[in-house]
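Quick notes on the structure that follows.
Whatever order the structure lists ligands and atoms in, that order sets their numbers, starting from 1.
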Amino acid sequence: MKTLIAANWKMFKTWEEGVITAREILVGTHKDLPEDREVLIIPPFTLLKGVGEILLSQKNYSLGGQNFYPAKEGAFTGEISPVQLLDLGCSYALVGHSERRHILGEKSDFLASKVKAGLEAGLKIIFCIGETLEERKAGKIKEVLTSQLEEGLKEVEKNLAPELLTIAYEPVWAIGTGEVAGEEDILEAHALIRDWLKNRFASGDKMRILYGGSVKPDNAAKILSLDNVNGVLVGGASLKAESFNQIILA
Ligand code: PEP
């Protein structure tokens with residue numbers, strides 16, 4: 001399994017800014033990119049075409065969508081379908097990001113239907129989970145992560161090919177706050193997720209588990225060296241090629 005270094009650009013960047021950053025990322029990393037590393041850029045929809053044109057001819061550089069609606073097509077004003085993401089060169093999509101759970105109000109049944117529809121269409125799904133600070137303080141990490149996994153992935157078949165599903169552990173309190181989970185916290189959460197995946201899927205030992213939450217150039221190498229960490233999902237530090245390139249090559 002290749003280590004996945006993923007950039008979530010959220011609702012940032014105009015066309016020109018995005019295209020320039022994508023070029024800087026490619027130029028700054030493609031010569032030194034280790035064979036066992038994959039770079040994934042997840043820009044806003046408006047930039048999928050522009051970023052795709054820059055990255056997709058290169059081996060080990062992929063494109064992803066931040067969101068989609070669980071239907072092939074239809075009267076869903078403002079939404080985008082998995083087929084439309086694939087059409088623009090996306091091979092991945094995020095589901096369950098904490099901003100969609102907590103700001104946009106997406107609930108577990110809806111997330112489960114998105115995972116199912118995305119996989120059926122042929123997208124690789126990065127399913128994000130993570131506890132809030134209150135849940136952590138109440139000692140509920142295991143309970144929260146387990147129920148997010150069980151509910152969100154309830155429609156997925158046991159024999160799913162491992163490359164089609166990646167879990168991103170993103171403690172809500174560490175996203176965009178500059179606060180990184182400690183090594184012990186990451187090890188514990190990732191071990192718990194690995195056990196759950198092994199019990200639930202035939203190839204759960206081969207599915208990737210990413211860490212996300214204030215990953216920066218100075219902590220990326222350490223985080224990537226931890227057991228059961230198979231990549232990182234990066235928000236803020238992925239917006240500038242200067243910092244994201246250091247994480248890619250960390
Ligand atoms: C994210 O958006 O998934 C994220 C981890 O953001 P940041 O790196 O800014 O914490």
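- For an aromatic pair to be called close, the ring centres must be under 6.0 Å apart, and Tyr169 with His190 satisfies this.
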Please report the C-alpha distance between Lys59 and Glu35 in whole Å, then the side-chain angles of each, then the deciding distance to 0.1 Å, and finally whether the salt bridge (charged side-chain N to carboxylate O under 4.0 Å, His left out) criterion is met.
-> CA-CA 9 Å; Lys59 200 174 159 221; Glu35 195 42 49; 2.7 Å; yes

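- The pair Arg208-Glu38 meets the salt-bridge criterion, with a side-chain N (NZ, NE, NH1 or NH2) lying under 4.0 Å from an Asp/Glu carboxylate O.
- Within 6.0 Å of the NZ atom in Lys116, the count of heavy atoms belonging to other residues, nucleotides or ligands does not exceed 12.
- Sorted by chain and number, the residues within 4.0 Å of ligand 1 by heavy atom are Asn8, Lys10, His97, Glu170, Ala174, Ile175, Gly176, Gly212, Gly213, Ser214, Leu233, Val234, Gly235, Gly236.
- Using a 4.0 Å cut-off between charged side-chain N and carboxylate O, Glu188 and Lys142 make no salt bridge.
- Checking side-chain atoms of Glu135 against main-chain N and O of Lys140 turns up no donor-acceptor pair under 3.5 Å.
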